[in-house]
Structures are given as C-alpha cells and as structure tokens.
There are 2 protein chains.
Amino acid sequence: MSDIDLIIQRLELRGHRVTQSRRRVLDAVLAQPAHFTVDDVLRATRAPRRRGPPVGRATAFRTIRLLLDLNVLCRILLDDGTLHYRLSTRGHHHHLVCRDCGRVEDFTQCDVEPLVRELAKAMKYEIDAHWLEVYGRCRACRRSTKEPAGAR
Amino acid sequence: MSDIDLIIQRLELRGHRVTQSRRRVLDAVLAQPAHFTVDDVLRATRAPRRRGPPVGRATAFRTIRLLLDLNVLCRILLDDGTLHYRLSTRGHHHHLVCRDCGRVEDFTQCDVEPLVRELAKAMKYEIDAHWLEVYGRCRACRRSTKEPAGAR
DNA sequence: GTAGGATTGATACTTGGTATCAGGAGCCAT
DNA sequence: ATGGCTCCTGATACCAAGTATCAATCCTAC
C-alpha cells in the first residue's frame, strides 16, 4: 500500500472526506523535499505537470492543518525562527537540522524521556509533551567548508 | 545596580546608543509578565502611566531583536506554535510551560548536553545549538482541575 | 438519484515582522 | 556649546503566514 493510500485511509477512518483538493495537496506534499512551507505545497499543486484546477490557498492551509492533526505531518522550527512542515513517518521524534544545507534528520534513539521524567518530579509538573530541535552542520557541509578556527 | 542599568550597560558596551525609545521599550519589557509578545510591549509603552511619546512599532520590533542579539531576551515557543519573548536572566536554559495557566519556568539543571554530544557522534554532525521546550501542567493547575482519568 | 452536511475557494482580514527613507537624536571632538 | 557625523526613529508601506466568512459545490449515505 502506498504512502498516499495509507494517509487517505487515515483520513477516512477519522471521518474526513477524501476530496479532489485534498488528494492534490497530498500529492504535492509527498513530492516535497525534506521540509517545506505551505506555500511550497501550494505552488506544487499549481505546477504545470499537475492536471486539474489548482487548490485554493485556504484549502491548502486547512489541509496541512488537518494533516498535522492526523500526525501525518509535523512542524519543524528552523533556527531563524520560521516554522516549516515535514512528513512525520515515525511517531514521536526530534529533528537535527543542518544550518548550512538545511537537511533534516529525524532521531528517536536519543532518549529525552528520562530527562523529562526527572524534570517532572523536580518541578512537580505533569508533563505531556516536549519539543527538541538540534542545530549544527552535517558531515558533508563540514567537509566542504573548513572555516579557520576562531571564526564566528 | 538595577536590571535596567545592567542592560543599558550591555548596550553601551556593544556600541549601541542608549536612546529614549530604547529606554521606553526596556521599561515596558521589564514590566511584562513572564512572557509576552512584541505587541504587548508596544501597548505597554503606550499605557497612560508612561509619559513621553509612544515608541513606533518598527522601533519596538527592532529593539526586541537587538535585545535578542544581546541575549537579554529569548524566544519561547508556545505549544500552539506562536513565539513569545521572555527575559533571559541566566545563560542557556530551557522552558517548562504550563498549558493551562501559561506560566513558564526556566531550567538548566536538567542537562541535555550529554544527549547532544552522543547525537553529534552518532550522526557525525558538529552541533552548535539546540532548543528544548517542555509542556505540561503545573502543580497548581493539576490540583485545581482534576480531570477524570481517560479524558483526552 | 438525492438530501444534507462537509468542503471548497475567492476574498478580505489579521498577525507578526521587515524595508525604506526623510528627519531627529546621541555622542564625540573641538 | 557647537558642530557634525552617524546611528536611530517612526510613519508608512509592504510581506508572509495563517484565519474567518460565506455562497457555491462536492461526497457520502441512504
């Protein structure tokens, strides 16, 4: 079963209708690179390749929001403060973002849970979510530009 | 030496001018509750109490940005995806946000560094920053509303 | 097929933030 | 204290991301 069918199934299960517009947004989302904005998706639904009418801006935003609710997408926070979107394949995970090339890696193995549990105890909070983003430079970018030591 | 004087000193050290407008923004920032938006600050500079002309919107944004650069303020990401600002007294730290009452606690003691170092090794990244926000309910809010178990 | 609620898309609006640029205020040297 | 240079300001316009509205249209169950 393909990605898109799985997502459509999830929509149906939650009682959402599977409309042409939603299909078009889904197609466009699946064709995106690692992370994207809603306008990237909008543009993609309007690309010459795609047949059929383009989807409306409001619908694109609504569909992305719906996909967030269904955990099909997740938000990622870039280090300049902008929010992008990204397919959320696995469940809970975090992002490792390369500042230079913008690539994003998911990670789950690096476990924050113990930290969070300890924090909950110390602060007497009941903790139900957390968000961790890590920024750096990936191997390829490090290799390609060796900056002199001491540079900002 | 008061908070405001310390901040002004920091401005001067970095070669920024200490203008009336910046003072007014600083006053307003220091009078804010735990976290705030730029418009909160802007409104505060226009409050009837304050004498003198109100600061312009652009200036408020510029000053906040400057304070971010000087590490006087930091951004916090609320769980609805909006960015707020907050006085950043200590250096690097994270936020624990109560979903109900919106209070924010800083924490540093709960150390993410080892996690990040391990991640760097595993992924072959050079990591230079991270961002962690934790969401939950504080003790007071838990006590005041005991929801039945199983409610989403 | 059809009814009726869910969805759409055009449009207008909101929010948060930046660019521009003429004029004003700080700061330094004198 | 007076220039004078530069940085800063604020009005305004703009931009990007996202939401509200609402009549028209589409899905789905029947």
Side-chain angles (χ1 to χ4, degrees), chain A residues 7-29 32 35-46 50 52-70 73-86, chain B residues 7-29 32 35-46 50 52-70 73-86:
Chain A
I7 298 172
I8 286 176
Q9 197 179 46
R10 216 186 296 190
L11 274 175
E12 286 170 339
L13 280 173
R14 302 289 187 96
H16 299 289
R17 293 184 178 170
V18 180
T19 64
Q20 281 313 306
S21 296
R22 283 180 178 163
R23 274 179 206 280
R24 274 194 288 269
V25 171
L26 270 180
D27 276 346
V29 160
Q32 291 300 305
H35 54 94
F36 50 86
T37 62
V38 177
D39 277 323
D40 291 335
V41 171
L42 242 185
R43 259 191 302 276
T45 69
R46 291 174 175 171
R50 320 252 159 205
V55 306
R57 219 173 85 89
T59 301
F61 275 100
R62 280 190 290 241
T63 306
I64 296 291
R65 188 159 22 126
L66 183 58
L67 294 176
L68 280 174
D69 288 347
L70 295 175
L73 295 181
C74 57
R75 284 190 288 221
I76 85 167
L77 178 71
L78 299 194
D79 63 341
D80 62 0
T82 59
L83 281 173
H84 280 215
Y85 300 90
R86 160 172 240 268
Chain B
I7 298 172
I8 286 176
Q9 198 178 45
R10 216 185 297 191
L11 274 175
E12 286 170 339
L13 280 174
R14 303 289 189 96
H16 300 287
R17 291 185 180 169
V18 179
T19 63
Q20 280 312 306
S21 296
R22 283 179 178 162
R23 274 179 205 279
R24 274 195 287 270
V25 171
L26 270 179
D27 275 347
V29 160
Q32 292 300 304
H35 54 94
F36 50 85
T37 62
V38 177
D39 279 323
D40 291 335
V41 171
L42 199 51
R43 258 191 303 275
T45 69
R46 291 173 176 173
R50 320 250 162 210
V55 306
R57 215 171 85 91
T59 300
F61 276 100
R62 278 189 290 240
T63 306
I64 296 291
R65 188 158 24 121
L66 183 58
L67 295 177
L68 279 174
D69 289 347
L70 295 175
L73 295 181
C74 57
R75 283 192 290 223
I76 86 167
L77 179 71
L78 299 194
D79 64 341
D80 63 359
T82 59
L83 281 174
H84 280 216
Y85 300 88
R86 157 170 242 269

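Note that the coordinates shown come from a computational prediction; the quantities given were computed from them, not determined experimentally. Within every chain, numbering begins at 1; the chains are lettered A, B, ... in the order of the sequence lines, protein sequences first and strands thereafter.
- Side chain of Asp39(B), nearest nucleotide from dC27(D), dG16(C), dA17(D): dG16(C).
- Residue Ile76(A) contributes atom CD1, which lies 16 Å from atom C1' of dA17(D) at whole-angstrom precision.
- Base engagement by Arg57(A) is indicated by at least one non-hydrogen atom pair under 4.0 Å involving a base atom.
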*What would the secondary structure line of DNA chain D be in dot-bracket form, counting Watson-Crick and G-U wobble pairs under 3.5 Å, with [ ] for pairs that cross earlier ones and | for pairs with another strand?*
||||||||||||||||||||||||||||||
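- Considering NE2 of His35(B) and CG of Leu73(B), their distance stands at 13.5 Å, rounded to 0.5 Å.
- Remark: the Arg17(B) side chain and the dC7(D) base include a donor-acceptor N/O pair separated by less than 3.5 Å.
- The shortest side-chain heavy-atom distance between Arg75(B) and Tyr85(B) falls under the 4.5 Å cut-off.
- Rounded to an integer number of Å, the gap from Leu11(B) CG to dC8(D) C1' is 12 Å.
- Out of dG16(C), dC27(C), dT20(C), the shortest distance to the side chain of Arg62(B) is found at dT20(C).
- One finds a side-chain N or O of Arg22(A) lying less than 4.0 angstrom from the OP1 or OP2 phosphate oxygen of dT8(C).
- Annotation: side chain of Val41(B) is not in contact with side chain of Thr37(B) (no heavy-atom distance under 4.5 Å).
- Among all heavy-atom pairs drawn from Arg22(A) and Arg17(A), the shortest one is NH1-O, 2.8 Å.
- When the nucleotides dT20(C), dC27(D), dG9(C) are ranked by their closest atom to the side chain of Ala58(A), dG9(C) comes out on top.
- What you find for Val18(A) and Glu12(A) is that their closest heavy atoms are CG2-CG, 3.5 Å.
- Using a 4.0 Å cut-off, no side-chain N or O of Thr59(B) falls inside it from OP1 or OP2 of dC8(D).
- Not one side-chain nitrogen or oxygen of Ser21(B) sits closer than 4.0 Å to the OP1 or OP2 atom of dC8(D).
- Put simply, the side chain of Arg24(A) gets close to the backbone of Pro53(A): a donor and an acceptor are under 3.5 Å apart.
- Between dG10(D), dG16(C), dT8(C), one nucleotide has an atom nearer to the side chain of Phe61(B) than all others, and that is dG16(C).
- A close approach under 4.0 Å does occur between a side-chain nitrogen or oxygen of Tyr85(B) and OP1 or OP2 of dG17(C).
- Mapping Val38(B) and Thr19(B) onto DNA chain C by nearest heavy atom places Val38(B) closer to the 5' end of the strand.
- Proximity note for Arg24(B) (side chain, C-beta onward) versus dG10(D), dC8(D), dT7(C): the nearest is dG10(D).
- Annotation: the span from Gln9(B) atom CD to Arg14(B) atom CZ amounts to 12.0 Å, rounded to 0.5 Å.
- Within the structure, every side-chain polar atom (N or O) of Thr82(A) is placed at least 4.0 Å from both OP1 and OP2 of dA17(D).
- In this structure, Arg65(A) places its CZ atom 15 Å from C1' of dA6(C), rounding to the nearest Å.
- When rounded to the nearest whole Å, the span between CG of Leu42(A) and C1' of dT8(C) equals 13 Å.
- Going from atom CG of Leu66(B) over to atom C1' of dT9(D) covers 14 Å, rounded to whole Å.
- A straight line from CZ of Arg23(A) to C1' of dC26(D) spans 13 Å, rounded to a whole angstrom.
- Taking atom CD on Gln20(A) and atom C1' on dC27(D), their separation rounds to 11 Å, with Å as the unit.
- In this structure, CD of Glu12(A) is placed 15 Å from C1' of dT7(C), rounded to the nearest angstrom.
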Pairs under 3.5 angstrom only: tabulate donor-acceptor contacts from the side chains of residues 54-70 of chain A to other protein residues two or more places apart or in another chain.
unit_1, atom_1, unit_2, atom_2, d
Thr59(A), OG1, Arg62(A), NH2, 3.4
Thr63(A), OG1, Thr59(A), O, 2.7

